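Here the structure comes first, spelled out in C-alpha cells, and everything after it is commentary.
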Protein chains: 2
Amino acid sequence: MENDCRNCAFKTKATSMLSDCSLDQLSANHLELRLKKGDSIIKQGTYSTNVIFLRTGLAKIHLAGPYNEQIVKMVNAPSYLGLPTTFGSKINQYSVTAVSDAEVCYIDLKVFETILDENKEFTREIIQEFCKNELESFRRCANRTQKLIRGNMADALLEFSDKIFKSNTFILPLSQAEFANLVDTSRESVSRVLSEFDKDGIIKINGKKIEILNKETLLLISQKG
Amino acid sequence: MENDCRNCAFKTKATSMLSDCSLDQLSANHLELRLKKGDSIIKQGTYSTNVIFLRTGLAKIHLAGPYNEQIVKMVNAPSYLGLPTTFGSKINQYSVTAVSDAEVCYIDLKVFETILDENKEFTREIIQEFCKNELESFRRCANRTQKLIRGNMADALLEFSDKIFKSNTFILPLSQAEFANLVDTSRESVSRVLSEFDKDGIIKINGKKIEILNKETLLLISQKG
DNA sequence: TACGCAATGTGATACATATCACAAAATAAT
DNA sequence: ATTATTTTGTGATATGTATCACATTGCGTA
C-alpha cells in the first residue's frame, strides 16, 4: 500500500497519535503531490476545502500587503497548512509557496474534521501548535517593528540556522528581494547588511551559501536592535 | 446558584454549546473576579495553569520588546485568554491588562481540557477562534510594517470604532503613550497625527473622547499607507 | 559560446519619523 | 486649594533607511 499514512507517522508526533481507523481513513482520502521549488501550494483569493500536510520541504507563507508581498512566516515540514482557510471563510487569505522541492498531501476538510473529532490527543496537538504559533506571532510583532534592519536580519539568519536548517551552513532559499519581504526592508538594504556582516566576519557568503561564523555577535545584534 | 455558568451561556456561542454536565463542572470549578481598569490579568514571566475567560470588559495583550513594551492586540469580552500559556510552557509569555473595568473567570487547565475533550462543538469553536487570530496576526504583520504612521493610526481608530466599541464615538482606553506602543510609533507622533486628523475634520477630539466624522477618508488613509 | 534577463552591489539623495527639549494642560496627591 | 506628577502639544534636529540610478555579476537558454 503505497499511500499508507502509517509510513508518515514517524515524521510527526501528531500523526503517530492517530487511531488505526483514522489512519486508514486518512490513507484512503488524501492526494499526495511532489512539488518543485517555486510551485504554489496555496494561492491567496482562491477557494479551498483542503487541509494540506507539508510532508517534506520548506515553504513560505505570504500575502499581499498594501505595497509589497509580505512573507509572514517560513514553515518547514512536517506541518499542517491552510487550517485557517478551511475552518474559516474557505477563501484562502494568504498564499503558501514551496521554496524547496516538497511533498504535500491534500486532505479533505470533512475527513480532517472527523479525524479531529475522533482523536483527542491529535486535537490537543493541533491546539498546542496553534498556541505556539500565536506566541511566535506576538514575539515577531514586537521584534520586527522595534528593531532596526541589522537586528531583523540577524534574527532571520539565526532562525534559518537554528530552526529551519539546524546547521551553521545553509543555502539561502530566498532571493534578496524575497528576503527583504521577510525582514521588512528593501532589497538594497538586504544586500548592504549582508555585505557588512560578511566584512565584519560574522558570516561568510559564497553565492547563495551562507556560513554563520560568529553566532554570539549575531545574537547580540539581534537583541540590541 | 450564583456562579452558574449557564447565565454566561448567552454571551458566547462557545459556552452555549457545552453539555449540561460540562456546564455544571465549569460552574463548580472556576473563580470569578471583578477587576478595575489597570488591573493585571496575566503577567509575563509568571507561572499559570489557568485558562481565563474574559466575561466583560476590554483588555490589552502586551509583552516586552527589545526596547518598549509592545501592545500586540486589544481583546474585548467575551474571550478566552492565556491558552498559549496553559497549553505550552506554563510560564506566561505575555501580559494581559484590563483597560476598563472587567470581570474574569479563572478556570483550571485540567477542567478546561476535560471540557474540550467532551465537547466537540466547543473544541471546534476554539480552533476556529485560533484560526481567526492567526489570520488577523498575518494581516497585522503585513500592514503594520508596510504602512506609514497615518495609515496605522487610521487602522487602529477604525478597529476601535468598528470592532471594539461598535460606535463612532468612544473614549480612548489608552494613553497616547500606550497608543504609540500599539501602533509602533512614538508618543509624539500619536499626538501629532491625532491633531492632524482633527484639523482635517476626519475625527473630533474632546479630551479622551474621539468621534469619527469621516470614516471613508480614514479608510482611504488606512489603505494608502 | 553567446545572448538576454534576472539577481546583486553600491553610491547619492530624499524623506518619514524618532529623539530631544520644553511649554501647557490635566490629574492626582497633600 | 496648592503642589506635585503625569499626560499632552509642538518645534527643531538627527538619523536610519527607502528610493533612484546605474554598474556588475550570475544564470538559463537559444
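Given the structure is predicted, the values throughout are model-derived calculations rather than measurements. All heavy atoms count here, side chains included; hydrogens, waters and symmetry mates do not. The chains referred to below are lettered A, B, ... by the order of the sequence lines, with proteins before strands, and numbering in each begins at 1.
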End-to-end axis angle, where each axis spans five pairs of the helix from C:dC3-D:dG28 to C:dT30-D:dA1, to 10°: 50°
Rounded distance (Å) that lies between atom P of C:dT17 and atom CZ of B:R144: 15 Å
Sequence-distant partners of B:E159, salt bridge (charged side-chain N to carboxylate O under 4.0 Å, His left out), two or more places apart: B:R140, B:K163
What pairs of nitrogen or oxygen atoms, one from the protein and one from nucleotides 20-28 of chain D, lie under 3.5 Å apart?
residue, atom, partner, partner atom, Å
D:dC20, N4, A:E188, OE2, 3.2

Listed partners of B:Q44 passing side chain to side chain donor-acceptor pair (under 3.5 Å), at least two apart: none
Residue-phosphate contact under 4.0 Å: B:T185 side-chain N/O, C:dA18 OP1/OP2: yes
With B:K199 via side chain to side chain donor-acceptor pair (under 3.5 Å) - residues at least two apart: none
Touch class at under 4.0 angstrom, heavy-atom based, for A:S175 against every strand present: sugar-phosphate
Inter- and intrachain pairs under salt bridge (charged side-chain N to carboxylate O under 4.0 Å, His left out), touching residues 212-221 of chain B, at least two apart: B:D162-B:K215
Pair listing, ring-ring contact (aromatic ring centres under 6.0 Å, His included) test, anchored in residues 184-215 of chain B, at least two apart: none
Donor-acceptor contact present, side-chain A:D101 to main-chain A:K36, <3.5 Å: no
Distance (rounded to the nearest 0.5 Å) between B:N50 CG and B:L83 CG: 11.5 Å
side-chain contact (heavy atoms from CB on, under 4.5 Å) partners of A:I127, counting only residues at least two apart: A:T123, A:C131, B:F87, B:L116, B:T123, B:I127, B:F130
A:Q176 vs C:dG9: side-chain N/O to OP1/OP2 distance below 4.0 Å: yes
Distance below 4.0 Å between A:S189 side-chain N/O and D:dA18 OP1 or OP2: yes
Whole-Å gap separating C1' (D:dT8) and CD (B:E178): 14 Å
d(NZ, A:K147; P, D:dG16) in whole Å: 17 Å
Between P of D:dT7 and CG of B:L172, the distance in whole Å: 14 Å
Whole-Å gap separating C1' (D:dG16) and CD1 (B:I149): 14 Å
Lys/Arg-Asp/Glu bridge criterion (N-O < 4.0 Å) met for B:K132, B:E129: yes
Integer-rounded Å distance: C:dT19 P and A:Q146 CD: 10 Å
From D:dT10, D:dG16, C:dA16, nucleotide with atom closest to A:L148 side chain: D:dG16
Value in whole Å for how far the C1' atom of D:dT19 lies from CG of A:D184: 17 Å
Within residues 138-158 of chain A or reaching into it, pairs that qualify as ring-ring contact (aromatic ring centres under 6.0 Å, His included) - sequence neighbours excluded: A:F138-B:Y94
Close residues, residues 195-213 of chain B, relative to DNA chain D [heavy-atom separation under 4.0 Å]: B:S195, B:K208
Within residues 169-190 of chain B or reaching into it, pairs that qualify as salt bridge (charged side-chain N to carboxylate O under 4.0 Å, His left out) - sequence neighbours excluded: B:K60-B:E178, B:R144-B:D184
Those residues that, when tested against A:T185, pass side-chain contact (heavy atoms from CB on, under 4.5 Å) (two or more places apart): A:I149, A:A180, A:V183, A:S189, A:V190
Rounded interatomic separation in angstrom, taking CG from B:N152 and P from C:dA16: 15 Å
